[in-house]
Amino acid sequence: MDSKYTYTEIEPKILQLWDTLQIANPDARKRTKSTKSFSIIMPPPNANDPIHIGHAMFVAIEDTLTRYHRMLGEDTLWLPGTDHAGIETQYVFEKKLAKQKQSRFDFDRETLYQKIFEYVQENSDIAVSQIKRLGASADWTRFKFTLDEDVVSNVLETFKSLHKNGLVYRDLQLVNYCTKCGTSYSDLEINHEDRTTPLYYIKYRFQDTPQKTISIATVRPEPIFADTHLAVHPNDHDKKHLIGKVVLNPLTDQPMPIIGDSFVDPEFGTGVVKLTPAHDPNDFAVAKAHNLPIVPAISNRGKILENGGKYAGLSATKAREQVIIDLQKKQLIEKIDEKYSNRISTCYRCGRVIEPLPLPQFFVRVKSGKQNLVKNIEKMLDDNDTSIHGAGREKILRNWLSSLKDWNISRQIVWGIRIPVWYKIDGYEDQITATFLEKSGKTNTGTLAELLKNHTLEEIKAGLQTTTAEAAVPYILSITPPTEAQHYFPETDTFDTWFSSSQWPVVTLQTNQPDDFKRFYPTTVMETGYDILLFWVMRMMLMGSYLTDTTPFKHVYLHGLIRDDKGQKMSKSKGNVINPLTVVDEFGADALRMALVIRSTPGIDKSIGKSDFKAARNLTNKVWNASRFIISRSQDQSLSHTDLALPADTQESEFFTQLNQTITDVSTQLDKLQIGLAADTLYSAFWHWYCDECIEHVKLNKLSTQEAAIGLIQFLKLLHPFTPFVTEAVWQELRAANLVTDDCLALSTWPTTNPTD
RNA sequence: GGACUCGUAGCUCAGUUGGUUAGAGCAUUCGGCUUACAUCCGAAGGGUCGGAGGUUCGAGUCCUCUCGAGUCCACCA
């Protein structure tokens, strides 16, 4: 053995050994009916992205648990996969198109989908090969991609089932729409930013007494032309007499009745509000309650619509400037508060201001209907069917659940699973709007009634880009094109990526080996970063409870974010991003994993830097050298594996008592998912007790080589889940020296303090 | 506005149901190439565990208040 552990040479060989021995495939091992099962579904990384340090974190933790339970003899499965990552991927692809001076509007949806598909294919192995390199003992024979045919088919069936049970509905709602990304988002995908914007006080003339005015305050004057009503609080002493009066729209002079609604805060602004139901969530709700018209003023491209007269076609920002100028000319601006601090919704993806738009979309009902999905989750938590490990995150989850609204699952993008819906054409030609590309490359937009005058249905469908059907248009659900295709027009929206990943634990087990679902569901641990607790974990609980009437996982382990050695968030702009593959090259995969895991706590961020990797690398070298010493002495004394079993009675020996204590401690800690603590316990026990004290005692003949060798074997087993490569490499040396017999350490049995079996 | 987390050695962090002289890595000082390892070994310095009060035989650990840092959520025009 060399005096230095050369991970760059050894790690790839060990990977090959594990591959040959199929350590990760639970079917490659015997099991009985009483064998306990242990399963983790891997959080699927984006198929076409290189991994980052967060991925390395989940690999380190999940592989540690997987290897531990495998060594305990449990029926162990770690099931890997990748995600198509709808918006993320399409966004990246569109950036690529932009560099070639193209946009998604240059393609029909079939072509665009195909292009993105090819792009993803080209890069889809990146994440997988990198995760393998970290030593992930996941069962790659069970690998799943979110767009695999069988996965898609299951997701579509779920949609049909939800719809049948009334838990999915289509409705006109005000949705968060990004005019740059060209799609709506769920409430979770928008950010809020504090900004200083002008607050305009605008005067409205009364219809009967035009010399008298009333003022309202607004940050959004541009859609005023479409407003139809004002509102005051019905109990406001100063203002309630205004209810029923009529004022004139300052831009169009159209009459606007004043209504009463308690949503108005008499203390704020002037105590009078203009209602813009099509572009403000509050106003939308009020309009629905009072049955007021919802008049859109802004398009999904962020431009003023035709009904805006002279403002039509202007961007919202430009229109605002012009509106203010016009109102000033009419002397209808009372004042402008330039320093009003306001909270703005922005797109999490591109940072643009979110435009609330009225769009008919599909929603998952979360708190009413046949099943109250939120109640299901709360019961899981109450009954401790699912326990959440991660610094108060259960409370955060509960807090969010209490105010959860229906989930918008429609996305106006191509890259994803198309919602299997077809709209009835006959009689609804003027309520369905489509955009399609002619063969010449010319884009056409219009109602079907208009488009069908000059084009055949086949032409339109062939070049189809988007469909917008009004909420009243009847539709059918069908995964394949309906038999009477000429009477139906396809939906073009796709599912929110999280809609398919919310079913991941169920779907991956249902589409693999026939008995996998029965064998591994509910899964044991769901391990992921706390940043996607709401996006993903909560949704998996929603859908898991719907599909299986039980929790999808018994434990949720939420690791913290990885920060740099100064505790700062990693970001490209700061230049402090750590690439896990670089660390693997420089220090080895074991060192990376150990550095990430040791003393980490669920839910708490972890700082890490070069000195941490160095320290962990030194541990692998320590393991190697301690082993080298013991192996050489064992050979000098002609020991063989028959001499090296852990003795049954260890009471008399201080060495074995201490060793057993370590075994008990580490096992207990791993059982309680205290992985960072277990790693720390092991590090100290191995280095400062076993190496610093015990091996020195061997040199002084205070401890026998035989005892020390027994101890080494136990330590290798304990260390293996954390530093799998070096321990396996040593194991192969021990095997060559006839000191152990098992083919590999990964499949050997975990130490017990009562080794009777 | 609501909720959550953190504040322990110079730095980054552990501390498992409250239980003896509060730990690790890195950094610092001193001494060592001792026949596994200088990616090492031995020794040393350094903490009134943010602050105040309380519960307890006993609190870094539980409770209350308070100061500081950060995160999540929320429709105030």
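What you see below is based on every heavy atom in this structure, not just the backbone, and it leaves out hydrogens, waters and symmetry mates. Quick note on labels: first sequence line is chain A, next is B, and so on, each numbered from 1. All of these numbers come straight from a predicted model, not from anything done at the bench.
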Rounding to the closest angstrom, what is the interatomic distance between B:C6 and B:G46 at atom C1'? 24 Å

Do A:Gln732 and A:Glu728 get their side chains close enough for a donor-acceptor pair, meaning under 3.5 Å? yes

If I take atom CG in residue A:Asp605 and atom C1' in nucleotide B:C4, what distance separates them, rounded to the nearest angstrom? 13 Å

Looking only at atom C1', what distance separates B:C49 and B:A9, rounded to whole Å? 10 Å

Atom OH of A:Tyr683 to atom P of B:A24: distance rounded to whole Å? 11 Å

Take the protein atom CD of A:Glu394 and the nucleotide atom P of B:C4, then report the distance between them rounded to whole Å. 12 Å

Does A:Lys4 offer a backbone N or O that forms a donor-acceptor pair with the side chain of A:Asp2 under 3.5 Å? no

Decide whether a cation-pi geometry holds between A:Lys699 and A:Phe629; the criteria are a distance under 6.0 Å from NZ or CZ to the six-membered ring centre and an angle within 45° of the ring axis. yes

Expressed as a whole number of Å, how far does the C1' atom of B:G2 sit from that of B:C75? 14 Å

A:Ile598 CD1 to B:G23 P, straight-line distance once rounded to whole Å: 17 Å

B:C63 and B:U56, which share atom name P, separated by this distance in whole Å: 16 Å

List the protein contact pattern of nucleotides 30-42 of chain B with one symbol per nucleotide (5' to 3'): B for base contact, S for sugar-phosphate-only contact, - for none; contact means a heavy-atom distance under 4.0 Å. ------BB-BSSS

Can A:Asp496 and A:Asn408 be counted as having a side-chain donor-acceptor contact under 3.5 angstrom? no

Would you call A:Lys288 and A:Asp171 a salt bridge, taking side-chain N to carboxylate O under 4.0 Å as the test? yes

Whole angstrom value for the distance that separates C1' of B:A14 from CG of A:Asp612: 13 Å

Do we see a donor-acceptor contact under 3.5 Å between the side chains of A:Tyr5 and A:Asn625? no

State which residues pass ring pair (Phe, Tyr, Trp, His ring centres under 6.0 Å) with A:Tyr201; sequence neighbours excluded, sorted by chain then number. none

Dot-bracket notation for RNA chain B, counting Watson-Crick and G-U pairs under 3.5 Å, with | for partners on another strand: (((((((..((((.....[...)))).(((((.......))))).....(((((..]....))))))))))))....

Taking the P atom of each, how far is B:G25 from B:U71, in whole Å? 31 Å

Contacts of type salt bridge (charged side-chain N to carboxylate O under 4.0 Å, His left out), residue A:Lys610, not counting sequence neighbours: A:Glu586

Please name all residues satisfying side chain to side chain contact (heavy atoms under 4.5 Å, CB included) with A:Ser387, sequence neighbours left out, ordered by chain then number. A:Asn384, A:His389, A:His555

Could you run down the sub-3.5 Å N/O contacts of the protein with nucleotides 15-17 of chain B?
unit_1, atom_1, unit_2, atom_2, d
B:U16, O4', A:Gln674, NE2, 3.4
B:U16, O2', A:Lys672, NZ, 2.7

Those residues that, when tested against A:Tyr557, pass ring pair (Phe, Tyr, Trp, His ring centres under 6.0 Å) (two or more places apart): none

In whole angstrom, what separates A:Arg599's CZ from B:U8's C1'? 14 Å

Return each pair, listed once, that meets salt bridge (Lys or Arg N to Asp or Glu O under 4.0 Å) where at least one residue sits in residues 703-723 of chain A; pairs must be two or more places apart or across chains. none

Can you measure A:Leu401 atom CG to B:C4 atom P for me and round it to whole angstrom units? 15 Å

Tell me: CZ of A:Phe613 to C1' of B:C13, nearest whole Å? 15 Å

Which value, in whole Å, describes the distance between the C1' atoms of nucleotides B:C73 and B:U55? 34 Å

Return the set of residues passing side chain to side chain donor-acceptor pair (under 3.5 Å) with A:Glu394 (not counting sequence neighbours), or none when no residue passes. A:Arg398

Could you list the protein-to-nucleotides 72-77 of chain B atom pairs, N/O on both sides, closer than 3.5 Å?
unit_1, atom_1, unit_2, atom_2, d
B:A74, OP2, A:His192, NE2, 3.4
B:A74, N6, A:Arg343, NE, 2.6
B:A74, N6, A:Arg343, NH2, 2.6
B:C75, O2', A:Asn282, ND2, 3.1
B:C75, O2, A:Asn282, OD1, 2.6
B:C75, O2, A:Asn282, ND2, 3.1
B:C76, N3, A:Asp265, OD2, 3.0
B:A77, OP1, A:Asn342, OD1, 2.3
B:A77, OP2, A:Tyr340, OH, 2.3
B:A77, O2', A:Ala217, O, 3.1
B:A77, N6, A:Asp265, O, 2.6
B:A77, N6, A:Phe268, O, 2.7
B:A77, N1, A:Asp265, N, 3.1

Among residues at least two apart in sequence or on other chains, which ones pass ring pair (Phe, Tyr, Trp, His ring centres under 6.0 Å) with A:Tyr683? A:Trp687

State which residues pass side chain to side chain contact (heavy atoms under 4.5 Å, CB included) with A:Ser607; sequence neighbours excluded, sorted by chain then number. A:Arg563

